[in-house]
Amino acid sequence: DGGITQSPKYLFRKEGQNVTLSCEQNLNHDAMYWYRQDPGQGLRLIYYSQIVNDFQKGDIAEGYSVSREKKESFPLTVTSAQKNPTAFYLCASRTGRGSGNTIYFGEGSWLTVV
Amino acid sequence: GESVGLHLPTLSVQEGDNSIINCAYSNSASDYFIWYKQESGKGPQFIIDIRSNMDKRQGQRVTVLLNKTVKHLSLQIAATQPGDSAVYFCAETSNFGNEKLTFGTGTRLTIIP
């Protein structure tokens with residue numbers, strides 16, 4: 001099936017550790033995104049990438065890093081610099097630039113700091 | 001900064017009735033709007049979209065209305081079913097922007113059997 005796959009679904013992080021969330025898509029989409037969602041809140045953009053080997057900071061990029069070495073993959077690393085990382089993380093992709101190209105989401109990854 | 005907001009955080013509707021979820025936006029350059037449905041613990045699902053050159057668009061049991069004059073968007077769900085219970089988000093983007101999709105806080109819709 002075509003779609004966006006996020007892994008792991010649940011992840012626990014100790015204080016001071018870096019963790020990486022995986023996002024893979026087989027939709028041949030150019031643009032990929034990472035959003036963070038806190039309970040009862042909307043989605044906030046962390047990073048996005050419009051093309052391979054290029055990415056831009058979103059609204060809350062501090063404490064996060066990404067890479068886009070392949071079109072299909074856009075992993076997100078939550079670093080120890082992120083002071084409040086417990087949240088629901090959503091990866092998304094869309095086919096091209098400009099309006100009218102809908103963003104589709106993966107099923108999300110829950111990250112908890114223990 | 002620009003933002004997208006919702007008028008009501010919660011809405012309860014009797015099964016079979018119609019529901020209307022509202023959304024206000026502030027970016028006058030927004031030209032593409034999307035409604036998403038998010039069930040608990042899952043990613044948002046695309047419901048329906050509308051471009052700024054349209055006032056109304058219909059899908060299966062859903063209609064989106066856009067009023068650019070007052071920067072208001074609404075989602076109408078006809079003959080609601082228990083499976084419609086979820087959080088609904090509106091989102092907007094601009095062709096002249098940087099490809100970001102800005103989301104509102106969301107409205108939790110509960111269908112009462």
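Each chain gets a letter, A, B and so on, in the order its sequence line appears, and its residues count up from 1.
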B/F33, B/M54: one ILVMFWY side-chain cluster at the under-4.5 Å cut-off?
yes
Would one find more than 12 heavy atoms of other residues, nucleotides or ligands at under 6.0 Å from atom CD1 of A/I51?
no
Report, as yes or no, whether the 6.0 Å neighbourhood of atom NZ on A/K14 holds more than 12 heavy atoms from other residues, nucleotides or ligands.
no
In terms of heavy-atom contacts, A/F88 and B/K42 come closest through CE2-O, 3.6 Å
Do you know the tightest heavy-atom contact between B/P44 and A/L43?
CG-CD2, 4.2 Å
The interface call for B/Y36 against chain A, heavy-atom contacts under 4.5 Å, is side chain
If two hydrophobic side chains count as joined below 4.5 Å and joins carry through other members, does A/Y10 share a cluster with A/I4?
yes
Chain B heavy atoms under 4.5 Å from A/Q37: which part of the residue, side chain, backbone, both or neither?
side chain
Could you state the interatomic distance from CZ (B/F103) to CD1 (A/I103), rounded to the nearest 0.5 Å?
6.5 Å
Determine whether B/F89 and A/W34 fall in the same hydrophobic cluster, where Ile, Leu, Val, Met, Phe, Trp and Tyr are linked whenever their side-chain heavy atoms lie under 4.5 Å apart.
no
Identify which part of B/Q45 has an atom lying under 4.5 Å from any heavy atom of chain A, answering side chain, backbone, both or neither.
neither
